[in-house]
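In what follows, a single structure is set out as structure tokens and then discussed.
This structure is a prediction, so every number in the text was calculated from the model and none was measured.
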Amino acid sequence: ASEGMICSLEELHIENIPEKYADGIFHFPEPVELGVDALSALKFDGFVMELDLTPNNGHLLSALGYAYDLAAVTNQKITLPKYKIEEIEEENPLTVTILDEGCSLYFARMLDVEIKPSPWWLQSELIKRGIEPINNVVDISNFVMFEYGTPLHMFDADLFGSNEIVIRSANDGEEIETLAGNKHKLSSEDLVITNGKIPTAVAGVVGLSNSMILPTTKRVIIEAAHFEPERIQKTAAKIGRSDSSLRFERGVSQQMVIHAMDLAAYLLVEYANGKVYKGLEIAQVTVSRPAVIDLKVSYVNKLLGIKLTKKQIISYLEKLDFQVELKDNFIRVTVPTRRPDIKIEADLVEEIGRLYGYNNIKNKPLLSDLQGGKTIFDEKIS
């Protein structure tokens, strides 16, 4: 009697299968209970929500960004976890120099690591997001990006070529080869990460083959940085967009960079036997300040075509974790730097409208004092 069969992940219609299982049968890395639901055991139960985002909603390109919106509509608060990073006695040898204001902030850590497959929970998280797992170091970098919306880059520290990190404009005609083996010529509009001599990454867009993580990698450099969106947009349009550039183009919060670095270091300690060198190397040329916007109740109601009270407007803004200060005839709103898309009064009105619900705004005819009439054309005009 046949009491079952063994399946490949492909036969289960799972995409982005890890290379180890691409051509064969999947086996669980750890024992699982017999008879349990297969999707649950594979951590593929539940559902995946796909958001069709407009370019101005870059804050929703992460689990954390979506959580802030979800907290706003469910009257909850977001608390970011804190990760304690245990460091070894050996000092971080890296130095960072920023020569181009296209990079405003750059963090660099060095760790000893062991390259191996990621735990299955991490691989399944990436597969659900449409990413093929590679190894623990690369997977952790991708996972942090999807969680916090802050792209990281991992360099092989020994292939990098020096302990000196220099961020500069590319030289006109400077040639690079990407991780995928594609070659491109850069210009002075492009921003590159270098070892003091040659590029090792195109900032915010793609890593290069000369410093990629390999199965033989023993030490890694973690880059967590903030780049100016306009510069990344131009480069990505020229050499190809990536998951990283998609986020940098829409604006990454300076204040979230350190959180992403800490989470990555913590996960590397947990899942790559990471040993963190003492000290975090930091270079910064500009500091992002929260946007401060004065908002009038009458302006909100005029744009939305409804009648909200000052109390209701304040409630919506506070649910989004914005700081609110009452003035005589307006509301002063301090917008956290995690929302670089909110710059003017109309942006705040859009946020209020989203929480109020555009579906709750009734259709009304436009009222106008303008009289319609026939336009008189001069027949002599051709």
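Between the S118 side chain and the L122 main chain, no donor and acceptor come within less than 3.5 Å of each other. Between the side chain of N57 and the main chain of L53, no donor-acceptor pair closer than 3.5 Å is present. N171 contributes no side-chain N or O that, together with a main-chain N or O of E174, makes up a donor-acceptor pair within less than 3.5 Å. A donor-acceptor contact shorter than 3.5 Å is absent between the side chain of N301 and the backbone of S298. Between the D69 side chain and the Y66 main chain, no donor and acceptor come within less than 3.5 Å of each other. Remark: the backbone N or O of S242 is paired with a side-chain donor or acceptor of S245 at under 3.5 angstrom.
Residue E11 places its CD atom among more than 12 non-hydrogen atoms of other residues, nucleotides or ligands, all under 6.0 Å distant. More than 12 heavy atoms of other residues, nucleotides or ligands lie within 6.0 Å of CD in Q284, so this atom counts as buried by the packing criterion. Environment of NZ in K77: crowded, with over 12 heavy atoms of neighbouring residues, nucleotides or ligands closer than 6.0 Å. Applying the 6.0 Å contact sphere to NZ of K296 captures no more than 12 heavy atoms from other residues, nucleotides or ligands. Counting non-hydrogen atoms of other residues, nucleotides and ligands closer than 6.0 Å to CD of E101 gives a total of 12 or fewer. For OH of Y277, the number of neighbouring non-hydrogen atoms (other residues, nucleotides, ligands) closer than 6.0 Å is greater than 12. Residue E50 qualifies as open at atom CD: its count of foreign heavy atoms under 6.0 Å is 12 or below. Counting heavy-atom neighbours within 6.0 Å of K238 NZ, excluding the residue itself, gives a total above 12.
Taking the side chain as every heavy atom from C-beta outward, V137 and L268 approach each other to under 4.5 Å. Between K82 and D262, the closest side-chain pair of non-hydrogen atoms is not below 4.5 Å. At least one side-chain heavy atom of R247 sits less than 4.5 Å from a side-chain heavy atom of F146.
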Next on the checklist: For a side chain to side chain contact (heavy atoms under 4.5 Å, CB included) check, start with the C-alpha distance between I98 and Y106, then their side-chain angles and the critical distance, and finish with the verdict.
Outcome noted: CA-CA 8 Å; I98 299 175; Y106 197 101; 4.2 Å; yes

Checklist entry - Run the ring-ring contact (aromatic ring centres under 6.0 Å, His included) check on H27 and Y21 step by step: do they pass? => result CA-CA 8 Å; H27 59 85; Y21 305 116; 5.5 Å; yes

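Relative orientation of the F26 and W120 rings is tilted, given thresholds of 30° and 60° on the angle between their planes. In this pair, Y271 and W121 present their aromatic rings perpendicular. The plane angle is above 60°, beyond the 30 to 60° band.
Judged by a 6.0 Å distance limit and a 45° cone about the ring axis, R129 is not positioned over the six-membered ring of F143.
Aromatic ring centroids of Y83 and H259 lie 6.0 Å or more apart.
One finds the CZ atom of F107 at 11.5 Å from the CG atom of L152 (value rounded to the nearest 0.5 Å).
Residues N136 and E114 bring no donor and acceptor atom of their side chains to less than 3.5 Å of each other.
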